[in-house]
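A short write-up of the structure that comes next.
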Amino acid sequence: MAATEPIDIVELGVGDAQAALVLSAEAGWNQNEADWRFFLAQGIVFGLREGDRLVASTALLSYSAGNAWISMVLVTPSWRRRGIATRLVDACLAAATQRGLTTWLDATPAGAAVYGPLGFTPTLQLRRLRLETPMDTTVTRPLSASSPEALIARDCDAMGFDRRPLLSEFAARPGSRIVSEAGAITLVRDGRTARHIGPLLADHADQALALIDAIVRSETGPWLIDAVFSQGEFLDGLIRAGWNIERPFQRMRFGPATVLAGELPFAVAGPEFG
Ligand SMILES: CC(C)(COP(=O)(O)OP(=O)(O)OC[C@H]1O[C@@H](n2cnc3c(N)ncnc32)[C@H](O)[C@@H]1OP(=O)(O)O)[C@@H](O)C(=O)NCCC(=O)NCCS
């Protein structure tokens, strides 16, 4: 690694959405242009350019009560192992410190190798699962639409802080729906390659599984979900229903916890959003 090599980190704007999408698509990630527009409009996004091409990125998204999420840490293969990710995450941490924010992220195994030495410590473990087609599509049943308010309130209880701007924006997208039944509620939204389900809050694993089952029978996939690993009954149920684990994510925090999380979600909003 050339830690002292001069690199010109720049702050990106909404006009960079297409270039940023090329970078995340290259890594096979599911974010679409709407996701990038949200980061670029609502967050602070840093990047590195080589001529006209964006070769690296990272985003800092502020939530409420002094919390923020770092995500979209991407370095194109030919620029890796030159300290770029380290410096981009450092830029996010500096911006967060300036604003008095505790930062969180959900790390891929390669990402965790970068963040550990920077001082991030592990919290929750997640598993990304994918379903191509449900095993049984014979019976579909109607699903009740729920309100953004119901989801925002329950998500706030779980996270310990309010994510109204994010969840309202998700809910307003044309391909999104919020559905609930029997103590469970979730949001389904479009991604680049698959529909994404989450956050998912429920009183019991069987309610969470029943809601997922109803969703996958009622629309066309494929689907992705980021399940909380310690929700073992839920994870086992998904695997029995044909979902495949794609990769682990490790939730990490920089700085002391400033909020008290409430109920444990069954699935999160996505590793890029927490
Ligand atoms: C993970 C990623 C962002 C790292 O970017 P990078 O610019 O190569 O990272 P850095 O050069 O700052 O790495 C700093 C240190 O982290 C560790 N590290 C980085 N990538 C690693 C990997 N793939 N495996 C193991 N350790 C790794 C090394 O200790 C490295 O120091 P070294 O090169 O002196 O050995 C890049 O590989 C990438 O874009 N991967 C695909 C997307 C992804 O997983 N992003 C992370 C999301 S959480």
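If you read the sequence from its start, that first residue is 1, and numbering goes on from there. Ligands are counted one by one from 1 in listed order, and the atoms in each one are counted from 1 as well.
Residues F39 and L61 approach most closely at CE2-CD2, 3.9 Å, considering heavy atoms. Of all non-hydrogen atoms in I178 and A171, the two that sit nearest each other are CD1-CB, 3.8 Å. Here the shortest heavy-atom pairing between M72 and W36 reads CE-CZ2, 3.4 Å.
D213 has a carboxylate O that lies under 4.0 Å from a charged side-chain N of R217, or vice versa, which qualifies the two as a salt bridge.
At least one heavy atom of G83 sits less than 4.0 Å from an atom of ligand 1. A heavy-atom separation below 4.0 Å is not found between F249 and ligand 1.
Contacts between R82 and ligand 1, counted as non-hydrogen atom pairs separated by less than 4.0 Å, involve the backbone only.
Nearest to atom 7 (O) of ligand 1 by heavy-atom distance, out of A85, A113, S57, is A85.
Checked against a 3.5 angstrom limit, the closest N/O atoms of A107 and ligand 1 fall outside it. At least one N or O atom of V73 sits closer than 3.5 Å to an N or O atom of ligand 1. Considering backbone and side-chain atoms together, W79 places no N or O closer than 3.5 Å to any N or O of ligand 1.
Taking the ring axis of W223 as reference, the NZ or CZ atom of R195 does not stay both within 45° of it and closer than 6.0 Å to the ring centre.
Listed by number with element, the atoms of ligand 1 under 4.0 Å from a non-hydrogen atom of Y115 are 46 (C), 47 (C), 48 (S). Each of the atoms 39 (O), 42 (C) of ligand 1 lies under 4.0 Å from some heavy atom of L74. Of all the atoms in ligand 1, the ones that sit under 4.0 Å from a non-hydrogen atom of V114 are 4 (C), 9 (O), 13 (O), 16 (O), 19 (C). Taking every non-hydrogen atom of W29 and a distance limit under 4.0 Å, the qualifying atoms of ligand 1 come out as 42 (C), 43 (C), 45 (N), 47 (C).
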May I have the list of side-chain donor-acceptor pairs in residues 158-169 shorter than 3.5 Å, sequence neighbours left out?
unit_1: D162; atom_1: OD1; unit_2: R164; atom_2: N; d: 2.7
unit_1: R163; atom_1: NE; unit_2: D155; atom_2: OD2; d: 2.9
unit_1: R163; atom_1: NH1; unit_2: F273; atom_2: O; d: 3.0
unit_1: R163; atom_1: NH1; unit_2: G274; atom_2: O; d: 3.0
unit_1: R163; atom_1: NH2; unit_2: D155; atom_2: OD1; d: 2.7
unit_1: R164; atom_1: NH1; unit_2: E149; atom_2: OE1; d: 3.4
unit_1: R164; atom_1: NH1; unit_2: E149; atom_2: OE2; d: 2.8
unit_1: R164; atom_1: NH2; unit_2: E149; atom_2: OE1; d: 3.0
unit_1: S168; atom_1: OG; unit_2: R164; atom_2: O; d: 2.7
unit_1: E169; atom_1: OE1; unit_2: R173; atom_2: NE; d: 3.0
unit_1: E169; atom_1: OE1; unit_2: R173; atom_2: NH2; d: 2.9

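Looking only at side-chain heavy atoms (C-beta outward), R130 and T193 come within less than 4.5 Å of each other.
Scanning for ring pair (Phe, Tyr, Trp, His ring centres under 6.0 Å) contacts around Y115 gives F120, with sequence neighbours left out.
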